[in-house]
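Below, all heavy atoms of this structure are taken into account, side chains as well, without hydrogens, waters or symmetry copies. If you read the sequence from its start, that first residue is 1, and numbering goes on from there.
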Amino acid sequence: MTAAPSALPDQFDTIRQGIPPTVTLVAVTKFLPVETIRAAYARGIRHFGESRVQEAITKQADLADLPDITWHLIGHLQTNKARKAVEHFDWIHSVDSLKLAERLDQAAMELDRTPQCCLQVKLVPDPPKYGIDVAELGAALPQFDQLAHLKICGLMTIPPQGASAATIQEVFTGAQALAGTINQAGFNRLHIDQLSLGMSGDYPQAIACGATMVRLGTVLFGPRPSSPALGSGN
Ligand SMILES: *Cc1c(COP(=O)(O)O)cnc(C)c1O
């Protein structure tokens, strides 16, 4: 006998209840079918994270009867999909270059939307990962501050694959400190009050370091397939 596709693992509620109410739980449903999103929605989840624009658009069409979902884009975004991302997401956690931010700002102006954005930063060297390193970010902050159609209010970071607990701690506390530095610089628009820090393997540590958003997939839903459940191309 196989479980119905919409069944959520037993640990779902336990994990959820362990997240403080002040922390936004973004349920990461990339590669998972819409039935899983419906099941999580039925348990009260309203924030969903997807890593690919096209996969999310397909799912959103299917879920159009659920009007109060907040959609979060958490995966790397190519500049040529900036417009679609602005159209289809409330939050973009993966703003990893000034060029991308400028494209998003332009699209937001044209579409009359104001997406909430996190700057994806690299606090320790991590060549395979997307993200803006701290020196580069420092130099570009005045330009990010000019982007009137984005609400840049968060930092997002992902520790390197296989990082030690000490490195994870360094990354998370580094993000928190960087937010403080940005806020003290007195920009016009830029004000960081969101830290999107934890994933399944490290979210308790992230919460201890001041995360306001955690992005959880595996720990809520079990292991996911290695490719999208539907749709193709991205
Ligand atoms: C897939 C993904 C997650 C969720 O990962 P889990 O380890 O399954 O919790 C969180 N953040 C980003 C950016 C992701 O791509």
Side-chain angles (χ1 to χ4, degrees), residues 24-32 34 37-38 40-41 45-121 130-132 136-137 140-158 179 182-183 187-196 212-215 217 228-234:
T24 302
L25 168 58
V26 179
V28 175
T29 48
K30 63 184 179 202
F31 303 169
L32 297 175
V34 287
I37 299 179
R38 287 190 184 278
Y41 183 93
I45 300 284
R46 292 295 180 272
H47 291 264
F48 289 93
E50 289 282 336
S51 59
R52 298 177 178 204
V53 174
Q54 192 52 55
E55 183 184 347
I57 292 174
T58 309
K59 288 175 175 176
Q60 288 170 1
D62 211 301
L63 297 167
D65 57 309
L66 307 181
D68 57 345
I69 292 181
T70 299
W71 291 99
H72 298 252
L73 180 64
I74 61 170
H76 174 65
L77 177 62
Q78 291 167 258
T79 50
N80 65 358
K81 294 192 183 103
R83 190 182 170 87
K84 280 197 166 167
V86 170
E87 240 179 308
H88 290 273
F89 289 90
D90 306 291
W91 277 89
I92 300 170
H93 291 232
S94 43
V95 178
D96 56 15
S97 71
L98 179 60
K99 182 178 167 209
L100 173 61
E102 288 170 344
R103 292 289 184 89
L104 291 167
D105 184 66
Q106 176 72 26
M109 182 188 71
E110 290 167 10
L111 294 163
D112 196 21
R113 286 178 60 93
T114 312
Q116 312 211 64
C117 295
C118 299
L119 301 175
Q120 183 174 351
V121 294
Y130 290 104
I132 313 170
E136 196 187 335
L137 178 64
L141 282 172
Q143 286 145 288
F144 281 109
D145 191 45
Q146 299 295 313
L147 305 176
H149 309 281
L150 304 181
K151 187 169 185 329
I152 300 177
C153 60
L155 297 180
M156 188 272 252
T157 195
I158 306 172
I182 294 171
N183 291 342
F187 289 107
N188 291 323
R189 295 190 180 85
L190 280 181
H191 182 83
I192 306 299
D193 55 21
Q194 299 287 327
L195 294 173
S196 171
T212 62
M213 298 192 278
V214 292
R215 311 174 309 272
L230 46 76
S232 62
N234 191 41

Q: Inspect the contact between Arg113 and Glu87 and indicate whether a charged nitrogen and a carboxylate oxygen are less than 4.0 angstrom apart.
A: no

Any side-chain heavy-atom pair from [X] and [Y] closer than 4.5 angstrom?
X      : Y      : result
Val26  : Phe48  : no
Asp193 : Thr212 : no
Ile182 : Leu155 : yes
Leu77  : Leu104 : yes
Val214 : Leu25  : yes
Phe144 : Leu98  : yes
Trp71  : Ile57  : no

Roughly how far, to the nearest 0.5 Å, is the [atom2] atom of [Y] from the [atom1] atom of [X]?
X      : Y      : atom1 : atom2 : answer
Thr58  : Arg52  : OG1   : CZ    : 11.5 Å
Cys118 : Gln194 : SG    : CD    : 7.0 Å
Met156 : Ser94  : CE    : OG    : 5.5 Å
Ile37  : Ile69  : CD1   : CD1   : 6.5 Å
Asp96  : Tyr130 : CG    : OH    : 7.5 Å
Leu147 : Arg103 : CG    : CZ    : 13.0 Å

Q.
Once you measure the plane-to-plane angle for His72 and His47, does it fall in the parallel (<30°), tilted (30-60°) or perpendicular (>60°) bin?
A.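 Because their plane-to-plane angle lies in the 30° to 60° range, the rings of His72 and His47 count as tilted.
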
Q: Decide side-chain hydrogen bond (donor to acceptor under 3.5 Å, both in side chains) for Glu110 and Gln106; before the verdict, give the C-alpha distance in whole Å, the side-chain angles of both, and the deciding distance to 0.1 Å.
A: CA-CA 6 Å; Glu110 290 167 10; Gln106 176 72 26; 2.7 Å; yes

Q. Are Arg38 and Asp65 close enough, and set up right, to give a salt bridge (Lys or Arg N to Asp or Glu O under 4.0 Å), and what steps lead you there?
A. CA-CA 10 Å; Arg38 287 190 184 278; Asp65 57 309; 2.9 Å; yes

Write down the atom of [X], the atom of [Y], and the distance for their closest heavy-atom approach.
X      : Y      : result
Ala148 : Asp105 : N-OD1, 3.4 Å
Tyr41  : Pro67  : OH-CD, 4.4 Å
Val86  : Ala108 : CG1-CA, 3.8 Å

Q. Counting only heavy atoms not in Asp112, do more than 12 sit closer than 6.0 Å to its CG atom?
A. no

Q.
I'd like to know whether CZ of Phe187 has more than 12 heavy-atom contacts from other residues, nucleotides or ligands below 6.0 angstrom.
A. yes

Please check if the side chain of [X] supplies one atom and the backbone of [Y] the other of a donor-acceptor pair under 3.5 Å.
X      : Y      : value
Gln60  : His88  : yes
Asn183 : His191 : no
Gln116 : Ile152 : no
Ser51  : Ile74  : no
Thr29  : Leu32  : no
Arg215 : Ser196 : yes
Arg46  : Thr70  : no
Gln120 : Ile132 : no
Asp145 : Leu190 : yes

(Q) What verdict does the side-chain contact (heavy atoms from CB on, under 4.5 Å) test give for Lys99 and Thr79, after you've listed the backbone C-alpha separation in whole Å, the side-chain angles of each residue and the deciding distance to 0.1 Å? (A) CA-CA 8 Å; Lys99 182 178 167 209; Thr79 50; 4.2 Å; yes

Q | Test salt bridge (Lys or Arg N to Asp or Glu O under 4.0 Å) applied to Arg189 - qualifying residues, sequence neighbours left out | A |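 Once residues adjacent in sequence are excluded, Arg189 has no partner under the salt bridge (Lys or Arg N to Asp or Glu O under 4.0 Å) criterion.
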
Q. Should Glu50 and Phe89 be marked as a side-chain contact (heavy atoms from CB on, under 4.5 Å) after you check the CA-CA gap, both sets of side-chain angles, and the distance that decides it?
A. CA-CA 9 Å; Glu50 289 282 336; Phe89 289 90; 4.3 Å; yes

Q | Thr114 vs Leu150, side-chain contact (heavy atoms from CB on, under 4.5 Å): CA-CA, chis, key distance, verdict | A | CA-CA 5 Å; Thr114 312; Leu150 304 181; over 6 Å; no

